[in-house]
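Everything on this sheet refers to the single structure shown next.
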Amino acid sequence: MNAKQRKWIMTSARGRLRDTVYNAIHRVAAQHAVLRLDGEANLFCDAPAEPTAFIQWVHQSRRGLLAYAIEHGSSSIEDTSRDALSVFDEQASPVVSTQAVFDVLAADAEHDGYLTCLLQRELLVHGGIFGDEEARAFAAAYFRQHGVPATPMDVAAYRAGVDGLFLSFVSAVGSQHDVASDGAVLLAPVGIDRALLDAAVGYGCVTDVVEELTGPVLAEWLGRDGDGARAVVLPVVNPLTGQVLTQRRARDLAGVVLRHNRDHPDRPVFVFSDVSGIESCHTEVIEFDTVPMGALTGVDVGDSSLGGMSAWTLDVVSPRMVLLTSRVAFAVTGNRWLRGAVNDWSITYGHANTCALDDLAAAAALCLTPRRWFDEANDHTANNLRLLREAVVRFNSAECGFEGLSIGSHVDGGWHTTVRFHQRLFPFSVDGSFDVFTSLLEYHCVVSDSMRVVLLPGELFSWYYDPDAVEPHVVLRVNLSAPREAFQAFLWQLGQCSSELWQRTWNACQRSARVMAVGG
(Lines give C-alpha, C1' and ligand atoms only; values in the text may rest on other atoms or scores of the structure.)
Protein backbone atom coordinates (compact mmCIF):
# COMPACT_ATOMS: atom_id res chain seq x y z
CA MET A 1 0.00 0.00 0.00
CA ASN A 2 1.51 3.28 -1.06
CA ALA A 3 1.37 6.64 0.71
CA LYS A 4 -1.41 7.95 -1.55
CA GLN A 5 -3.64 4.96 -0.76
CA ARG A 6 -2.97 5.32 2.97
CA LYS A 7 -3.85 9.01 2.85
CA TRP A 8 -7.10 8.24 1.02
CA ILE A 9 -8.08 5.60 3.57
CA MET A 10 -7.28 7.94 6.46
CA THR A 11 -9.23 10.81 4.94
CA SER A 12 -12.27 8.77 4.00
CA ALA A 13 -12.33 6.94 7.34
CA ARG A 14 -12.17 10.16 9.29
CA GLY A 15 -14.76 11.81 7.08
CA ARG A 16 -17.53 9.29 6.51
CA LEU A 17 -18.78 8.88 10.06
CA ARG A 18 -18.06 12.27 11.58
CA ASP A 19 -19.35 14.26 8.61
CA THR A 20 -22.71 12.56 9.00
CA VAL A 21 -22.88 13.63 12.63
CA TYR A 22 -21.55 17.15 12.30
CA ASN A 23 -23.64 17.96 9.25
CA ALA A 24 -26.72 17.07 11.26
CA ILE A 25 -25.51 19.20 14.18
CA HIS A 26 -24.83 22.20 11.98
CA ARG A 27 -28.19 21.85 10.24
CA VAL A 28 -30.01 22.11 13.56
CA ALA A 29 -27.62 24.72 14.93
CA ALA A 30 -28.51 27.03 12.08
CA GLN A 31 -32.04 27.28 13.48
CA HIS A 32 -31.66 26.64 17.20
CA ALA A 33 -29.18 27.10 20.03
CA VAL A 34 -27.05 23.99 20.41
CA LEU A 35 -24.79 23.00 23.29
CA ARG A 36 -22.30 20.42 22.07
CA LEU A 37 -21.21 17.92 24.68
CA ASP A 38 -18.91 15.96 22.40
CA GLY A 39 -15.47 17.44 23.09
CA GLU A 40 -12.71 16.97 25.63
CA ALA A 41 -13.25 20.41 27.16
CA ASN A 42 -14.59 20.81 30.67
CA LEU A 43 -17.60 23.07 30.23
CA PHE A 44 -18.19 23.81 33.91
CA CYS A 45 -14.84 25.37 34.78
CA ASP A 46 -13.02 28.13 33.01
CA ALA A 47 -9.50 27.24 31.95
CA PRO A 48 -7.09 27.63 34.89
CA ALA A 49 -5.35 30.99 35.01
CA GLU A 50 -1.85 29.73 35.84
CA PRO A 51 -0.91 28.19 32.45
CA THR A 52 -2.25 31.24 30.63
CA ALA A 53 -0.34 33.56 32.95
CA PHE A 54 2.87 31.64 32.29
CA ILE A 55 2.35 31.72 28.52
CA GLN A 56 1.98 35.50 28.64
CA TRP A 57 4.99 35.79 30.96
CA VAL A 58 7.27 33.59 28.87
CA HIS A 59 6.61 35.60 25.72
CA GLN A 60 7.57 38.78 27.59
CA SER A 61 10.51 37.56 29.67
CA ARG A 62 11.86 34.74 27.44
CA ARG A 63 12.61 32.70 30.54
CA GLY A 64 11.42 29.31 31.67
CA LEU A 65 9.11 27.59 34.13
CA LEU A 66 11.40 27.54 37.16
CA ALA A 67 12.26 31.22 36.69
CA TYR A 68 8.52 31.93 36.57
CA ALA A 69 7.90 29.99 39.79
CA ILE A 70 10.81 31.71 41.56
CA GLU A 71 9.69 35.17 40.49
CA HIS A 72 6.10 34.55 41.57
CA GLY A 73 7.06 32.79 44.79
CA SER A 74 9.89 35.08 45.80
CA SER A 75 9.36 37.66 48.54
CA SER A 76 12.17 39.79 47.17
CA ILE A 77 14.01 40.30 43.92
CA GLU A 78 17.20 38.97 45.46
CA ASP A 79 15.61 35.74 46.62
CA THR A 80 16.24 33.19 43.86
CA SER A 81 16.82 30.16 46.07
CA ARG A 82 14.95 26.88 46.30
CA ASP A 83 12.94 28.46 49.12
CA ALA A 84 11.14 30.62 46.57
CA LEU A 85 9.97 27.45 44.85
CA SER A 86 8.65 26.21 48.19
CA VAL A 87 6.66 29.43 48.57
CA PHE A 88 5.27 29.07 45.04
CA ASP A 89 4.25 25.45 45.63
CA GLU A 90 2.51 26.39 48.86
CA GLN A 91 0.64 29.30 47.30
CA ALA A 92 -0.20 27.87 43.87
CA SER A 93 -0.58 24.18 44.83
CA PRO A 94 0.39 22.97 41.34
CA VAL A 95 -0.18 19.40 40.16
CA VAL A 96 3.61 18.93 40.09
CA SER A 97 5.86 20.46 42.73
CA THR A 98 8.40 22.84 41.22
CA GLN A 99 10.80 21.77 43.98
CA ALA A 100 10.54 18.20 42.69
CA VAL A 101 11.46 19.42 39.21
CA PHE A 102 14.39 21.39 40.63
CA ASP A 103 15.64 18.21 42.33
CA VAL A 104 15.28 16.23 39.08
CA LEU A 105 17.38 18.79 37.22
CA ALA A 106 19.90 19.05 40.04
CA ALA A 107 20.44 15.29 39.95
CA ASP A 108 21.27 15.46 36.24
CA ALA A 109 23.21 18.74 36.40
CA GLU A 110 26.30 18.67 34.21
CA HIS A 111 28.17 21.20 36.37
CA ASP A 112 27.63 23.38 39.44
CA GLY A 113 26.55 26.42 37.47
CA TYR A 114 24.04 24.56 35.29
CA LEU A 115 20.93 25.47 37.28
CA THR A 116 21.98 29.10 37.67
CA CYS A 117 22.46 29.30 33.93
CA LEU A 118 19.12 27.62 33.34
CA LEU A 119 17.30 30.09 35.57
CA GLN A 120 18.92 33.22 34.19
CA ARG A 121 19.33 32.65 30.46
CA GLU A 122 16.81 33.87 27.93
CA LEU A 123 15.01 31.34 25.74
CA LEU A 124 15.97 33.09 22.52
CA VAL A 125 19.73 33.24 21.99
CA HIS A 126 21.21 34.02 18.57
CA GLY A 127 18.06 32.74 16.88
CA GLY A 128 18.16 29.41 18.72
CA ILE A 129 15.55 28.36 21.26
CA PHE A 130 16.41 26.82 24.62
CA GLY A 131 14.07 25.47 27.26
CA ASP A 132 13.12 22.05 25.97
CA GLU A 133 15.17 20.33 28.70
CA GLU A 134 13.20 22.20 31.35
CA ALA A 135 9.88 21.17 29.79
CA ARG A 136 11.10 17.57 29.68
CA ALA A 137 12.13 17.82 33.34
CA PHE A 138 8.60 18.89 34.30
CA ALA A 139 7.15 16.04 32.23
CA ALA A 140 9.59 13.61 33.85
CA ALA A 141 8.52 14.79 37.31
CA TYR A 142 4.89 14.30 36.26
CA PHE A 143 5.53 10.71 35.16
CA ARG A 144 7.56 9.95 38.28
CA GLN A 145 4.79 11.32 40.45
CA HIS A 146 2.55 8.59 39.06
CA GLY A 147 5.15 5.85 39.44
CA VAL A 148 6.55 5.76 35.90
CA PRO A 149 10.38 5.81 35.95
CA ALA A 150 11.63 8.80 33.95
CA THR A 151 14.49 11.27 33.72
CA PRO A 152 14.52 14.37 31.51
CA MET A 153 16.70 12.48 29.04
CA ASP A 154 14.07 9.71 28.83
CA VAL A 155 11.24 12.09 27.89
CA ALA A 156 10.55 13.17 24.32
CA ALA A 157 8.08 15.81 23.11
CA TYR A 158 6.00 15.48 19.93
CA ARG A 159 3.84 18.03 18.19
CA ALA A 160 1.02 15.79 16.91
CA GLY A 161 -0.44 15.08 20.33
CA VAL A 162 -1.48 11.66 21.58
CA ASP A 163 -3.09 10.74 18.25
CA GLY A 164 0.12 11.33 16.30
CA LEU A 165 2.15 9.40 18.87
CA PHE A 166 -0.30 6.52 18.61
CA LEU A 167 0.15 6.27 14.84
CA SER A 168 3.94 6.42 15.25
CA PHE A 169 3.73 3.72 17.92
CA VAL A 170 1.71 1.23 15.84
CA SER A 171 3.93 1.92 12.83
CA ALA A 172 7.05 1.27 14.92
CA VAL A 173 5.71 -1.97 16.42
CA GLY A 174 4.47 -3.19 13.04
CA SER A 175 7.84 -2.68 11.38
CA GLN A 176 10.12 -3.93 14.16
CA HIS A 177 11.31 -6.90 12.15
CA ASP A 178 10.78 -5.71 8.60
CA VAL A 179 10.16 -2.21 7.28
CA ALA A 180 7.93 -3.71 4.59
CA SER A 181 5.89 -5.84 7.03
CA ASP A 182 2.09 -5.87 7.08
CA GLY A 183 1.84 -3.89 10.32
CA ALA A 184 0.87 -4.61 13.89
CA VAL A 185 -2.15 -6.46 15.23
CA LEU A 186 -3.70 -4.11 17.77
CA LEU A 187 -5.99 -4.90 20.71
CA ALA A 188 -8.06 -1.94 21.96
CA PRO A 189 -10.97 -1.48 24.34
CA VAL A 190 -14.23 0.14 23.32
CA GLY A 191 -13.79 3.90 23.70
CA ILE A 192 -10.86 4.54 21.39
CA ASP A 193 -11.64 7.05 18.65
CA ARG A 194 -12.80 5.02 15.66
CA ALA A 195 -11.26 7.49 13.22
CA LEU A 196 -7.92 6.90 14.93
CA LEU A 197 -8.25 3.13 14.64
CA ASP A 198 -9.26 3.49 11.00
CA ALA A 199 -6.19 5.63 10.43
CA ALA A 200 -4.07 2.88 11.99
CA VAL A 201 -5.63 0.43 9.53
CA GLY A 202 -4.55 2.80 6.79
CA TYR A 203 -0.99 2.37 8.04
CA GLY A 204 -1.23 -1.42 7.81
CA CYS A 205 -2.55 -2.19 11.30
CA VAL A 206 -5.19 -4.81 12.08
CA THR A 207 -7.45 -3.89 15.01
CA ASP A 208 -9.42 -6.02 17.46
CA VAL A 209 -11.88 -4.14 19.70
CA VAL A 210 -13.22 -5.67 22.92
CA GLU A 211 -15.92 -4.52 25.34
CA GLU A 212 -13.51 -4.51 28.28
CA LEU A 213 -9.77 -5.13 28.33
CA THR A 214 -8.83 -7.45 31.21
CA GLY A 215 -6.03 -9.92 31.93
CA PRO A 216 -7.96 -13.01 30.77
CA VAL A 217 -9.10 -11.22 27.58
CA LEU A 218 -5.51 -10.22 26.80
CA ALA A 219 -4.20 -13.72 27.52
CA GLU A 220 -6.78 -15.29 25.20
CA TRP A 221 -5.95 -12.77 22.47
CA LEU A 222 -2.20 -13.40 22.74
CA GLY A 223 -2.86 -17.13 22.56
CA ARG A 224 -4.42 -16.89 19.11
CA ASP A 225 -2.45 -18.00 16.08
CA GLY A 226 -0.85 -15.25 14.06
CA ASP A 227 2.51 -13.95 13.00
CA GLY A 228 1.87 -10.22 13.20
CA ALA A 229 3.58 -8.02 15.77
CA ARG A 230 1.27 -7.41 18.75
CA ALA A 231 0.35 -4.11 20.40
CA VAL A 232 -2.20 -3.03 23.01
CA VAL A 233 -3.72 0.40 23.59
CA LEU A 234 -4.73 0.98 27.20
CA PRO A 235 -5.81 4.45 28.40
CA VAL A 236 -5.72 5.12 32.13
CA VAL A 237 -9.22 6.63 31.74
CA ASN A 238 -11.50 5.30 29.01
CA PRO A 239 -12.70 8.32 26.98
CA LEU A 240 -16.10 6.74 26.27
CA THR A 241 -17.08 4.87 29.42
CA GLY A 242 -15.12 6.65 32.15
CA GLN A 243 -13.66 3.38 33.42
CA VAL A 244 -10.23 3.80 35.02
CA LEU A 245 -7.29 1.44 35.09
CA THR A 246 -7.32 0.21 38.69
CA GLN A 247 -4.30 -1.43 40.27
CA ARG A 248 -5.96 -4.83 40.26
CA ARG A 249 -6.78 -4.77 36.54
CA ALA A 250 -3.40 -3.23 35.72
CA ARG A 251 -1.56 -5.97 37.64
CA ASP A 252 -3.52 -8.67 35.81
CA LEU A 253 -2.66 -7.13 32.46
CA ALA A 254 0.98 -6.54 33.40
CA GLY A 255 1.36 -10.14 34.50
CA VAL A 256 0.12 -11.37 31.12
CA VAL A 257 2.41 -9.00 29.19
CA LEU A 258 5.55 -9.68 31.24
CA ARG A 259 5.14 -13.46 31.16
CA HIS A 260 4.34 -13.48 27.44
CA ASN A 261 7.41 -11.40 26.65
CA ARG A 262 9.61 -13.61 28.81
CA ASP A 263 8.34 -16.75 27.06
CA HIS A 264 8.29 -15.21 23.57
CA PRO A 265 11.26 -12.83 23.30
CA ASP A 266 11.09 -13.06 19.50
CA ARG A 267 7.54 -11.65 19.34
CA PRO A 268 6.92 -9.38 22.33
CA VAL A 269 3.76 -7.36 22.87
CA PHE A 270 4.02 -3.59 23.42
CA VAL A 271 1.56 -1.33 25.26
CA PHE A 272 0.45 2.22 24.42
CA SER A 273 -0.58 3.85 27.70
CA ASP A 274 -2.36 7.23 27.63
CA VAL A 275 -1.99 8.81 31.09
CA SER A 276 -3.66 12.13 30.18
CA GLY A 277 -6.87 11.68 32.21
CA ILE A 278 -5.32 10.45 35.44
CA GLU A 279 -6.09 13.71 37.29
CA SER A 280 -9.81 13.42 36.52
CA CYS A 281 -10.79 10.62 38.92
CA HIS A 282 -14.01 11.36 40.79
CA THR A 283 -13.18 9.94 44.23
CA GLU A 284 -10.05 9.76 46.35
CA VAL A 285 -10.37 5.98 46.66
CA ILE A 286 -10.26 5.57 42.89
CA GLU A 287 -7.65 8.32 42.52
CA PHE A 288 -5.17 6.44 44.70
CA ASP A 289 -6.10 3.11 43.10
CA THR A 290 -5.29 4.27 39.55
CA VAL A 291 -1.95 3.44 38.00
CA PRO A 292 -0.30 3.77 34.56
CA MET A 293 0.97 0.54 33.01
CA GLY A 294 4.56 1.80 32.91
CA ALA A 295 4.62 2.06 36.71
CA LEU A 296 4.23 -1.70 37.29
CA THR A 297 7.02 -4.24 37.70
CA GLY A 298 7.38 -7.95 38.17
CA VAL A 299 7.25 -7.39 41.94
CA ASP A 300 3.64 -6.22 41.54
CA VAL A 301 2.67 -9.49 39.85
CA GLY A 302 4.62 -11.74 42.22
CA ASP A 303 7.77 -12.40 40.17
CA SER A 304 10.62 -9.91 40.46
CA SER A 305 12.55 -11.68 37.69
CA LEU A 306 10.07 -10.42 35.09
CA GLY A 307 11.45 -6.88 35.11
CA GLY A 308 9.40 -3.73 34.64
CA MET A 309 6.55 -2.81 32.33
CA SER A 310 8.38 0.38 31.36
CA ALA A 311 10.52 -1.81 29.09
CA TRP A 312 7.43 -2.68 27.02
CA THR A 313 5.26 0.41 27.44
CA LEU A 314 5.09 3.82 25.80
CA ASP A 315 3.49 6.08 28.41
CA VAL A 316 2.19 9.32 26.92
CA VAL A 317 0.53 12.41 28.36
CA SER A 318 -0.86 15.62 26.88
CA PRO A 319 -2.34 18.74 28.51
CA ARG A 320 -5.51 18.57 26.38
CA MET A 321 -7.79 18.52 29.43
CA VAL A 322 -6.47 21.96 30.37
CA LEU A 323 -5.02 23.51 27.21
CA LEU A 324 -7.12 22.37 24.28
CA THR A 325 -5.04 24.26 21.72
CA SER A 326 -1.84 22.42 22.60
CA ARG A 327 -0.65 19.85 20.07
CA VAL A 328 2.27 18.74 22.25
CA ALA A 329 2.44 15.35 23.93
CA PHE A 330 5.22 13.95 26.10
CA ALA A 331 6.26 10.30 25.96
CA VAL A 332 8.56 8.04 27.95
CA THR A 333 9.66 4.43 27.64
CA GLY A 334 12.39 2.29 29.14
CA ASN A 335 12.85 0.47 25.84
CA ARG A 336 15.66 2.06 23.83
CA TRP A 337 14.59 0.41 20.57
CA LEU A 338 10.96 1.50 20.96
CA ARG A 339 11.92 5.07 21.73
CA GLY A 340 14.19 5.28 18.67
CA ALA A 341 11.62 3.65 16.39
CA VAL A 342 8.78 5.91 17.57
CA ASN A 343 11.01 8.93 17.12
CA ASP A 344 11.97 7.83 13.60
CA TRP A 345 8.35 7.31 12.57
CA SER A 346 7.35 10.61 14.18
CA ILE A 347 9.96 12.39 12.07
CA THR A 348 8.67 10.56 9.00
CA TYR A 349 5.12 11.73 9.74
CA GLY A 350 6.26 15.22 10.72
CA HIS A 351 5.26 14.79 14.36
CA ALA A 352 8.62 15.51 16.02
CA ASN A 353 10.77 18.62 16.48
CA THR A 354 8.46 20.79 18.56
CA CYS A 355 9.19 24.40 19.47
CA ALA A 356 10.57 24.86 22.98
CA LEU A 357 8.06 27.62 23.70
CA ASP A 358 5.22 25.22 22.83
CA ASP A 359 6.84 22.54 25.00
CA LEU A 360 7.03 24.93 27.95
CA ALA A 361 3.40 26.01 27.49
CA ALA A 362 2.31 22.35 27.42
CA ALA A 363 4.40 21.57 30.51
CA ALA A 364 2.88 24.57 32.29
CA ALA A 365 -0.66 23.40 31.53
CA LEU A 366 0.22 19.86 32.59
CA CYS A 367 2.10 20.70 35.79
CA LEU A 368 1.25 24.22 37.01
CA THR A 369 -2.54 23.77 36.97
CA PRO A 370 -3.70 23.92 40.62
CA ARG A 371 -5.04 20.73 42.11
CA ARG A 372 -8.11 22.62 43.29
CA TRP A 373 -9.10 23.17 39.63
CA PHE A 374 -9.28 19.42 39.06
CA ASP A 375 -10.96 18.88 42.44
CA GLU A 376 -13.69 21.37 41.57
CA ALA A 377 -14.20 19.93 38.10
CA ASN A 378 -14.25 16.36 39.40
CA ASP A 379 -16.77 17.18 42.14
CA HIS A 380 -19.04 18.79 39.56
CA THR A 381 -18.68 15.80 37.24
CA ALA A 382 -19.52 13.36 40.04
CA ASN A 383 -22.60 15.40 40.94
CA ASN A 384 -23.86 15.41 37.34
CA LEU A 385 -23.29 11.65 37.21
CA ARG A 386 -25.46 11.27 40.31
CA LEU A 387 -28.21 13.36 38.70
CA LEU A 388 -28.00 11.25 35.55
CA ARG A 389 -28.30 7.99 37.52
CA GLU A 390 -31.31 9.34 39.43
CA ALA A 391 -33.02 10.43 36.21
CA VAL A 392 -32.47 7.00 34.64
CA VAL A 393 -33.89 5.20 37.70
CA ARG A 394 -36.98 7.45 37.65
CA PHE A 395 -37.60 6.78 33.99
CA ASN A 396 -37.15 3.02 34.27
CA SER A 397 -39.43 2.71 37.30
CA ALA A 398 -42.12 5.23 36.35
CA GLU A 399 -42.29 4.92 32.58
CA CYS A 400 -41.32 1.56 31.11
CA GLY A 401 -41.00 -0.85 34.03
CA PHE A 402 -37.73 -2.36 32.81
CA GLU A 403 -34.14 -1.17 32.30
CA GLY A 404 -34.88 0.85 29.20
CA LEU A 405 -32.05 3.26 29.98
CA SER A 406 -28.81 2.39 31.74
CA ILE A 407 -25.51 4.03 32.59
CA GLY A 408 -22.15 2.45 31.84
CA SER A 409 -20.64 0.64 34.81
CA HIS A 410 -17.33 1.59 36.47
CA VAL A 411 -17.68 5.32 35.75
CA ASP A 412 -14.85 6.52 37.96
CA GLY A 413 -12.82 9.00 35.91
CA GLY A 414 -12.85 11.43 33.05
CA TRP A 415 -15.68 13.74 32.03
CA HIS A 416 -17.65 11.27 29.91
CA THR A 417 -19.79 8.18 30.24
CA THR A 418 -22.42 6.33 28.23
CA VAL A 419 -26.22 6.31 28.23
CA ARG A 420 -27.48 3.01 26.86
CA PHE A 421 -30.90 2.66 25.22
CA HIS A 422 -32.52 -0.78 25.19
CA GLN A 423 -33.77 -1.90 21.80
CA ARG A 424 -37.26 -2.39 23.24
CA LEU A 425 -37.61 1.39 23.64
CA PHE A 426 -37.84 1.89 19.90
CA PRO A 427 -41.03 1.52 17.87
CA PHE A 428 -38.89 0.90 14.80
CA SER A 429 -35.90 -1.20 13.88
CA VAL A 430 -32.60 0.34 14.98
CA ASP A 431 -29.33 -0.04 13.12
CA GLY A 432 -27.07 1.69 15.62
CA SER A 433 -26.65 4.62 17.95
CA PHE A 434 -27.33 7.07 15.13
CA ASP A 435 -31.04 6.35 15.63
CA VAL A 436 -30.84 7.66 19.19
CA PHE A 437 -28.64 10.55 18.13
CA THR A 438 -31.14 11.62 15.47
CA SER A 439 -34.12 11.25 17.81
CA LEU A 440 -32.57 13.42 20.51
CA LEU A 441 -31.31 15.96 18.00
CA GLU A 442 -34.64 16.38 16.23
CA TYR A 443 -36.77 16.28 19.39
CA HIS A 444 -36.73 19.65 21.14
CA CYS A 445 -38.56 20.24 24.42
CA VAL A 446 -40.50 23.47 24.63
CA VAL A 447 -38.63 25.13 27.48
CA SER A 448 -37.95 28.83 27.79
CA ASP A 449 -34.40 29.65 26.68
CA SER A 450 -33.56 25.97 26.39
CA MET A 451 -31.11 24.60 23.87
CA ARG A 452 -30.61 21.28 22.16
CA VAL A 453 -27.90 19.26 23.82
CA VAL A 454 -25.84 17.30 21.31
CA LEU A 455 -24.21 14.00 22.24
CA LEU A 456 -22.24 11.60 20.07
CA PRO A 457 -23.08 8.06 18.92
CA GLY A 458 -21.01 5.27 20.43
CA GLU A 459 -19.95 4.09 16.98
CA LEU A 460 -17.60 7.07 16.82
CA PHE A 461 -15.70 5.50 19.71
CA SER A 462 -15.32 1.99 18.28
CA TRP A 463 -18.46 0.69 19.97
CA TYR A 464 -20.60 -1.55 17.74
CA TYR A 465 -24.31 -2.26 18.06
CA ASP A 466 -25.14 -5.98 18.15
CA PRO A 467 -28.84 -6.66 17.47
CA ASP A 468 -28.31 -10.35 18.26
CA ALA A 469 -27.00 -9.75 21.78
CA VAL A 470 -28.97 -11.04 24.77
CA GLU A 471 -29.73 -7.44 25.77
CA PRO A 472 -29.15 -5.36 22.62
CA HIS A 473 -28.71 -1.65 23.26
CA VAL A 474 -27.43 1.47 21.55
CA VAL A 475 -25.04 3.96 23.12
CA LEU A 476 -24.56 7.72 23.34
CA ARG A 477 -21.53 9.44 24.87
CA VAL A 478 -22.40 12.04 27.53
CA ASN A 479 -20.16 14.87 28.70
CA LEU A 480 -20.76 15.08 32.46
CA SER A 481 -18.97 18.41 32.81
CA ALA A 482 -21.82 20.49 31.40
CA PRO A 483 -23.01 23.45 33.52
CA ARG A 484 -25.65 22.45 36.07
CA GLU A 485 -28.59 24.23 34.41
CA ALA A 486 -27.77 22.94 30.93
CA PHE A 487 -27.31 19.41 32.23
CA GLN A 488 -30.66 19.47 34.03
CA ALA A 489 -32.33 20.70 30.84
CA PHE A 490 -30.68 17.81 29.00
CA LEU A 491 -31.95 15.30 31.57
CA TRP A 492 -35.50 16.61 31.17
CA GLN A 493 -35.17 16.46 27.40
CA LEU A 494 -33.77 12.92 27.63
CA GLY A 495 -36.71 11.82 29.76
CA GLN A 496 -39.28 13.43 27.45
CA CYS A 497 -37.76 11.95 24.31
CA SER A 498 -37.41 8.48 25.86
CA SER A 499 -41.01 8.63 27.13
CA GLU A 500 -42.30 9.52 23.68
CA LEU A 501 -40.31 6.70 22.10
CA TRP A 502 -41.62 4.20 24.64
CA GLN A 503 -45.20 5.44 24.30
CA ARG A 504 -45.03 4.92 20.55
CA THR A 505 -43.61 1.45 21.10
CA TRP A 506 -46.33 0.60 23.63
CA ASN A 507 -49.08 1.81 21.31
CA ALA A 508 -47.62 -0.19 18.44
CA CYS A 509 -47.52 -3.32 20.62
CA GLN A 510 -51.14 -2.81 21.66
CA ARG A 511 -52.27 -2.39 18.07
CA SER A 512 -50.37 -5.52 17.09
CA ALA A 513 -51.96 -7.46 19.93
CA ARG A 514 -55.47 -6.34 18.90
CA VAL A 515 -54.85 -7.29 15.29
CA MET A 516 -53.65 -10.73 16.35
CA ALA A 517 -56.65 -11.16 18.63
CA VAL A 518 -59.09 -10.22 15.87
CA GLY A 519 -57.28 -12.42 13.39
CA GLY A 520 -57.41 -15.32 15.83
Side-chain angles (χ1 to χ4, degrees), residues 40 42 93-97 100 139-150 162 188-192 212-215 217-218 232-258 271-297 299-301 308-310 312-322 329-333 366-367 369-383 385 407-418 480-481:
E40 296 290 345
N42 182 282
S93 185
V95 168
V96 173
S97 164
Y142 184 92
F143 283 120
R144 289 166 67 157
Q145 185 167 285
H146 294 292
V148 180
V162 173
V190 162
I192 306 303
E212 183 177 3
L213 188 46
T214 63
V217 170
L218 177 58
V232 178
V233 56
L234 192 60
V236 169
V237 178
N238 189 295
L240 174 66
T241 65
Q243 183 182 23
V244 304
L245 184 62
T246 60
Q247 299 229 19
R248 179 175 181 178
R249 188 160 66 100
R251 285 196 296 267
D252 289 344
L253 290 163
V256 173
V257 171
L258 292 173
V271 179
F272 184 86
S273 170
D274 185 0
V275 188
S276 302
I278 199 169
E279 307 294 343
S280 64
C281 294
H282 303 161
T283 64
E284 289 187 3
V285 174
I286 292 297
E287 178 182 355
F288 291 108
D289 191 40
T290 306
V291 59
M293 286 300 293
L296 299 173
T297 68
V299 174
D300 298 305
V301 301
M309 276 298 299
S310 61
W312 309 107
T313 302
L314 184 72
D315 287 286
V316 304
V317 65
S318 82
R320 64 175 182 265
M321 300 189 77
V322 176
F330 300 100
V332 63
T333 179
L366 189 67
C367 301
T369 298
R371 289 193 176 277
R372 62 180 176 275
W373 186 87
F374 282 106
D375 292 340
E376 186 178 349
N378 294 337
D379 289 344
H380 176 80
T381 299
N383 188 59
L385 177 61
I407 308 300
S409 57
H410 310 297
V411 188
D412 297 311
W415 294 331
H416 300 90
T417 190
T418 56
L480 298 169
S481 73

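Here the structure is a predicted model, which means the values were calculated and not measured.
Side chains of T313 and D315: a donor-acceptor N/O pair is absent below 3.5 angstrom, by distance only.
To the nearest 0.5 Å, atom NE2 of residue H282 and atom CG of residue L480 are 6.5 Å apart. Note that CG of D252 and CG of D300 are 11.5 Å apart. Values are rounded to the nearest 0.5 Å. To the nearest 0.5 angstrom, F272 atom CZ is 11.5 Å from T333 atom OG1. From T290, atom OG1 reaches atom CG of D412 across 7.5 Å, with rounding to the nearest 0.5 Å.
Listed here is the closest heavy atom pair of V301 and L258: CG2-CD1, 4.3 Å. Nearest heavy atoms, C367 versus Y142: SG-CB, 4.2 Å. Scanning all heavy atoms of the two residues, the minimum distance from G215 to V256 falls at O-CG2, 3.6 Å. Across every non-hydrogen atom of E279 and N378, the tightest pair is O-ND2, 3.0 Å.
The closest side-chain heavy-atom distance from V271 to W312 is not below 4.5 Å. Proximity of S276 to V236: side-chain heavy atoms (C-beta onward) are nowhere separated by under 4.5 Å. The shortest side-chain heavy-atom distance between V322 and F374 falls under the 4.5 Å cut-off. At least one side-chain heavy atom of P235 sits under 4.5 Å from a side-chain heavy atom of I192.
Side chain of R249 to backbone of L213: a donor-acceptor contact under 3.5 angstrom is found. Not one N or O on the side chain of S93 forms a donor-acceptor pair closer than 3.5 Å with the backbone of P370.
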task = Take V275 and F330, measure what side chain to side chain contact (heavy atoms under 4.5 Å, CB included) needs, and give me the verdict at the end.
result = CA-CA 10 Å; V275 188; F330 300 100; over 6 Å; no

message = Determine whether T241 and H410 satisfy the following criterion, side chain to side chain contact (heavy atoms under 4.5 Å, CB included), listing intermediate values before the conclusion.
response = CA-CA 8 Å; T241 65; H410 310 297; over 6 Å; no

task = Begin with the C-alpha distance, continue with both residues' side-chain angles, and end with the deciding distance and a verdict on side chain to side chain contact (heavy atoms under 4.5 Å, CB included) for L240 and T418.
result = CA-CA 7 Å; L240 174 66; T418 56; 3.6 Å; yes

key: Worked check of side chain to side chain contact (heavy atoms under 4.5 Å, CB included) between V95 and Q145   = CA-CA 9 Å; V95 168; Q145 185 167 285; 4.0 Å; yes

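A250 meets the side chain to side chain contact (heavy atoms under 4.5 Å, CB included) test with L245, V291, M293, L296; sequence neighbours excluded.
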